[in-house]
There are 2 protein chains.
Amino acid sequence: MPNLGAQHANLDQKVYQILKTMIMERKLLPGEKIRQEKLAQELGISRTPLVAALKFLEHEKLVESKPRRGFYVRLFKIQEMVSIFELREVLEGLAARRAAGQVTNTQIDRLRQFFSPFKQLPEISDYRRYSQEDRLFHNYVIQIGAKEFLRSILETYNIISFSYQVVSSEGLVRSPDETLEEHLAVIEAICDRDPEAAENLMRNHFKKSAASLTEGIAKLRSA
Amino acid sequence: MPNLGAQHANLDQKVYQILKTMIMERKLLPGEKIRQEKLAQELGISRTPLVAALKFLEHEKLVESKPRRGFYVRLFKIQEMVSIFELREVLEGLAARRAAGQVTNTQIDRLRQFFSPFKQLPEISDYRRYSQEDRLFHNYVIQIGAKEFLRSILETYNIISFSYQVVSSEGLVRSPDETLEEHLAVIEAICDRDPEAAENLMRNHFKKSAASLTEGIAKLRSA
DNA sequence: ATTATGAATTTTGAATACAAAATTCAGTAT
DNA sequence: ATACTGAATTTTGTATTCAAAATTCATAAT
């Protein structure tokens, strides 16, 4: 139970962050109804900023509002996760394109460091560590190439995408040995300042993951 | 001054619609501070649903909140309009791809009707009518191909895009004679159920418009 | 005349209050 | 036992209230 003092400028934002974390960490379960009075008391606030935060989350699709019924934690079907991969495909493709077009030398140095602990290894076994590097890498490309609108959209949908990983067994759609190459290729294209290549490689990377997810569904169905 | 009775289930949504219209119709001017008490009174409501609606609009970037300072109508720089075109390029490209993959025969019939009043003409002079058809066409592709996430993003950004047209002289970035062909090509690709072509053609369509906008800026600068 | 000071006013952020709607639950009829 | 009815309870949507922060405005100092 996080304690919220009065020391913050904007309670809304703080509450929003807390709720987001609670949802991603499965403290609030998908499908579950959010009891406003109860939750507000637990957080030591009134319903006003809580509802404001819930409205934010509604926009980010993490929560659903049924009029006169209340807010419910959103549940994502696998099919919806596939759509989100499709979205990320084109959006991060765009981010990669722009990144390649405006990357600085300092950023190139940083980019080249990504995945270096894994490059030497004959086989990658620490999935958790790789998955974390994966997330950091994607975020860094966004930081370089996406601003304003693109960035705010990606923030929203990547959160959903990542929060889903909590459910999936190892947190990855495909094995590191398969994706490492793709990641390195994207890095090279950006460092070469080749926007076309960067976009295409990033899109391919996602296309393969989406395909893999879809396959996974098919297998699940037949099993 | 629209009159809001108590007859609505959700005031938030109604107020949100009204505000959106007011912003797009320039009843609230970009940069202007929104006087909450005053506006709430004009609408005959309290600040609570007004603030809720403003938070919605903040998410859609039509309004900006400065903490402890209030809400301001957002002002878009031309550079930001270009970014929005870039966004629409990849997003509507995706919509077109998906549209081509799942279009029904009925929808094909409807699609082929778009722009037919303009096809015969040697030259298109009624810019307003063409601009309206343009908007309807893009919305229809979205209706066919985009659902859930993609649709909600496009709704947001197309609104900004269209609301900008109110400012620009004739409401179009390029002349109809230039874009008609492109529109028809996209229609054909979708009706042929060719996702790749549909996406590429749609993206090209936007790429050219973005380029044209950028050129416009350059000209403005040198003038 | 310009800048600085601080009191009066306005506005925001958040809690509280309250009527209307939804939900729960007990008691009754089938 | 099950389905129905309506009263009691809870929850939602909205208005109102209030303290703290920001803004305005008048006055005084340079």
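The analysis underlying the following values was restricted to heavy atoms, covering all of them including side chains, and did not include hydrogens, waters or symmetry mates. Here is the naming used below: chain letters follow the sequence lines, and residue numbers restart at 1 for every chain. The structure displayed is predicted, hence computed values, not measured ones.
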Taking side-chain contact (heavy atoms from CB on, under 4.5 Å) as the definition, give me every residue that meets it alongside A:Gln17, ordered by chain and number, with sequence neighbours left out. A:Lys20
Can you tell me the distance, in whole Å, between the NZ atom of B:Lys66 and the C1' atom of C:dT11? 15 Å
May I ask you to say what A:Gln36 touches in the nucleic acid, namely base, sugar-phosphate or nothing, with a heavy-atom cut-off under 4.0 Å? sugar-phosphate
By salt bridge (Lys or Arg N to Asp or Glu O under 4.0 Å), B:Lys147 pairs with (sequence neighbours left out) none
Just list the side-chain donor-acceptor pairs under 3.5 Å for residues 57-65 of chain A, sequence neighbours left out, or say none.
| residue | atom | partner | partner atom | Å |
| --- | --- | --- | --- | --- |
| A:Glu60 | OE1 | A:Tyr16 | OH | 3.0 |
| A:Glu60 | OE2 | A:Tyr16 | OH | 2.8 |
| A:Lys61 | NZ | B:Ser152 | OG | 3.4 |

Restricting to salt bridge (Lys or Arg N to Asp or Glu O under 4.0 Å), what partner residues turn up for A:Glu148, sequence neighbours left out? B:Arg74
Whole angstrom is fine here: how far is it from CD1 in B:Ile34 over to P in C:dG13? 13 Å
Applying salt bridge (Lys or Arg N to Asp or Glu O under 4.0 Å), name anything that partners B:Glu199, two or more places apart in sequence or on another chain. A:Arg203, B:Arg97
Residue pair B:Arg35/A:Pro49 against DNA chain C: nearer the 5' end by closest nucleotide is B:Arg35
Rounded to whole Å, please give me the gap between NZ in A:Lys14 and P in C:dA14. 13 Å
Could you check how far CD of B:Gln41 sits from C1' of D:dA15, rounded to whole Å? 13 Å
For A:Gln13 and C:dT12, give me the distance from atom CD to atom P, rounded to whole Å. 17 Å
Could you tell me how far apart B:Tyr16 (OH) and D:dT14 (C1') are, to the nearest whole angstrom? 21 Å
B:Phe114 and B:Phe137 aromatic ring geometry - parallel, tilted or perpendicular at 30°/60° bounds: perpendicular
What are the atom names and distances for every N/O pair under 3.5 Å that joins the protein to nucleotides 16-24 of chain C?
| residue | atom | partner | partner atom | Å |
| --- | --- | --- | --- | --- |
| C:dT23 | OP1 | A:Arg69 | NE | 3.2 |

